[in-house]
> 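Just passing along the structure, written as structure tokens.
Keep in mind that the numbers below use all heavy atoms, side chains included, and drop hydrogens, waters and symmetry copies.
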Amino acid sequence: MKQIFALSSMILILSAFLNSCNKKDNDKINSEFSFKVNGVLVTSEVHNASVSLINGSLVTNITSSMHKDKRTINININAVKAGTYPFVSGTNQPNTAYGIYYPSYDNLFDTYSFESGSITISSIDTVARTISGTFSGKVRNSSSATFDITEGKFSSNNLRRF
């Protein structure tokens, strides 16, 4: 009887260990964030993908990793559903987006705001914690210098809720 109990305990412990190992493999964070700046490809990862309640409205944020490439994009969408949202500078209107491009995240004062273009959320699932989409547009700084941002795409399985 003691041997059966000991064997059963070992099987349960081994099963729990194997399940925890498999869970970690399945929970691995997969993310992609890439775009072209005046035709030059920037390949990065998603630094942040989140859904938040800001000033009474739900906002989706997607930001590229400044640790992988100093050229970084931060986009906020005033919605939390699949769809296409135009970039509208300086507004928080529902169903619009706004974003900033940093040529080098080391200099946070050198910013370029999206003045045109759009972002498309292809899919978003707050339960499965996934998001993916595409974007493009023109960014401008306070000195009227511009960059064309094209072929932007992102995906993450680590969408967070705040």
Side-chain angles (χ1 to χ4, degrees), residues 16-38 40-140 147-162:
F17 174 75
L18 291 174
N19 281 337
S20 69
C21 289
N22 288 337
K23 187 170 179 83
K24 288 180 183 177
D25 289 342
N26 292 338
D27 288 346
K28 182 179 179 190
I29 296 173
N30 294 309
S31 72
E32 172 189 353
F33 199 115
S34 64
F35 54 95
K36 288 185 177 179
V37 179
N38 288 347
V40 177
L41 181 63
V42 176
T43 303
S44 189
E45 297 171 343
V46 174
H47 177 72
N48 180 60
S50 63
V51 174
S52 305
L53 184 63
I54 299 175
N55 295 329
S57 299
L58 285 172
V59 176
T60 304
N61 174 270
I62 189 82
T63 306
S64 64
S65 176
M66 67 290 303
H67 304 293
K68 186 154 180 152
D69 191 304
K70 295 294 182 189
R71 296 169 288 180
T72 302
I73 289 182
N74 178 5
I75 298 172
N76 289 300
I77 305 110
N78 296 315
V80 183
K81 60 184 177 181
T84 299
Y85 304 96
F87 285 117
V88 179
S89 184
T91 185
N92 278 343
Q93 296 174 11
N95 300 314
T96 62
Y98 55 97
I100 295 175
Y101 167 66
Y102 301 91
S104 175
Y105 200 73
D106 289 334
N107 182 359
L108 295 178
F109 296 106
D110 187 18
T111 62
Y112 290 71
S113 296
F114 277 90
E115 66 174 14
S116 65
S118 64
I119 182 167
T120 298
I121 298 177
S122 305
S123 67
I124 184 168
D125 186 330
T126 58
V127 175
R129 300 178 57 196
T130 60
I131 186 169
S132 64
T134 59
F135 61 94
S136 64
K138 183 177 285 291
V139 294
R140 180 180 305 274
F147 288 109
D148 289 318
I149 307 294
T150 58
E151 299 178 41
K153 62 183 177 178
F154 59 90
S155 66
S156 176
N157 69 345
N158 191 33
L159 181 66
R160 295 178 287 179
R161 291 176 281 178
F162 292 107

> If I compare all heavy atoms of K138 with all of D148, which pair ends up nearest, and what's the gap?
NZ-OD1, 2.8 Å

> Whether the side chain of S64 engages the backbone of I73 through a donor-acceptor N/O pair (distance < 3.5 Å, no angle test) should be reported.
yes

> For T43 and S34, which heavy atoms make the closest approach, and how far apart are they?
CA-CB, 4.3 Å

> What residue among V127, V46, I124, I62 forms side chain to side chain contact (heavy atoms under 4.5 Å, CB included) with L159?
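Only match with L159 under side chain to side chain contact (heavy atoms under 4.5 Å, CB included): I124.
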
> Do the ring centers of Y85 and F135 come within less than 6.0 Å of each other?
no

> Surrounding CZ of R160 (heavy atoms of other residues, nucleotides or ligands, distance under 6.0 Å), is the total greater than 12?
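More than 12 heavy atoms, drawn from other residues, nucleotides or ligands, come within 6.0 Å of this atom.
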
> Distance from I149 atom CD1 to F87 atom CZ, nearest 0.5 Å?
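If we round to the nearest 0.5 Å, I149:CD1 and F87:CZ are 9.5 Å apart.
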
> Between T130 and D125, does any side-chain donor sit less than 3.5 Å from a side-chain acceptor?
no

> Rounded at 0.5 Å granularity, tell me how far CD1 in I77 sits from OG1 in T120.
10.0 Å

> To the nearest 0.5 Å, what is the distance between OG (S156) and CD (E45)?
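It is 10.0 Å, given to the nearest 0.5 Å.
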
> Is the count of non-hydrogen atoms from other residues, nucleotides or ligands lying under 6.0 Å from F109 atom CZ greater than 12?
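Incorrect, the count does not exceed 12.
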
> What I'd like to find out is whether the side chain of N95 reaches to under 4.5 Å of the side chain of K81, using heavy atoms alone.
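Yes, at least one pair of side-chain atoms sits under 4.5 Å.
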
> Once you round to the nearest 0.5 Å, how far does OG of S50 lie from CG of N61?
4.5 Å

> Could you please spell out the steps behind the side chain to side chain contact (heavy atoms under 4.5 Å, CB included) verdict for H47 and T72?
CA-CA 10 Å; H47 177 72; T72 302; over 6 Å; no

> Quick one: do the S122 and S132 side chains pair a donor with an acceptor below 3.5 Å?
no

> Please report the interatomic distance CD1(I119) to OG1(T134), rounded to the nearest 0.5 Å.
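Those atoms lie 7.5 Å apart.
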
> After noting the C-alpha distance and the side-chain angles of N76 and T60, does the key distance pass the side chain to side chain contact (heavy atoms under 4.5 Å, CB included) rule?
CA-CA 6 Å; N76 289 300; T60 304; over 6 Å; no

> Measure up the Y101 and F147 rings against each other and bin them: parallel (under 30°), tilted (30 to 60°), perpendicular (over 60°).
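Plane angle over 60°, so perpendicular.
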
> Write down the atom of Y98, the atom of V88, and the distance for their closest heavy-atom approach.
CB-O, 3.8 Å

> Mind listing the closest non-hydrogen atom pair of S44 and S65 along with its distance?
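Nearest heavy atoms, S44 then S65: OG-O, 3.1 Å.
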
> As an exercise, state the distance from CZ of R140 to OG of S116, rounded to the nearest 0.5 Å.
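It comes to 8.5 Å.
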
> Side chain to side chain contact (heavy atoms under 4.5 Å, CB included) between R129 and N158: does it pass, once the steps are laid out?
CA-CA 5 Å; R129 300 178 57 196; N158 191 33; 2.6 Å; yes

> Applying side chain to side chain contact (heavy atoms under 4.5 Å, CB included) to I29 and N157, what does each step give before you reach the verdict?
CA-CA 6 Å; I29 296 173; N157 69 345; 3.9 Å; yes

> Testing T111, T63, N48 for side chain to side chain donor-acceptor pair (under 3.5 Å) with N74, which one passes?
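Filter result, single survivor: T63.
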
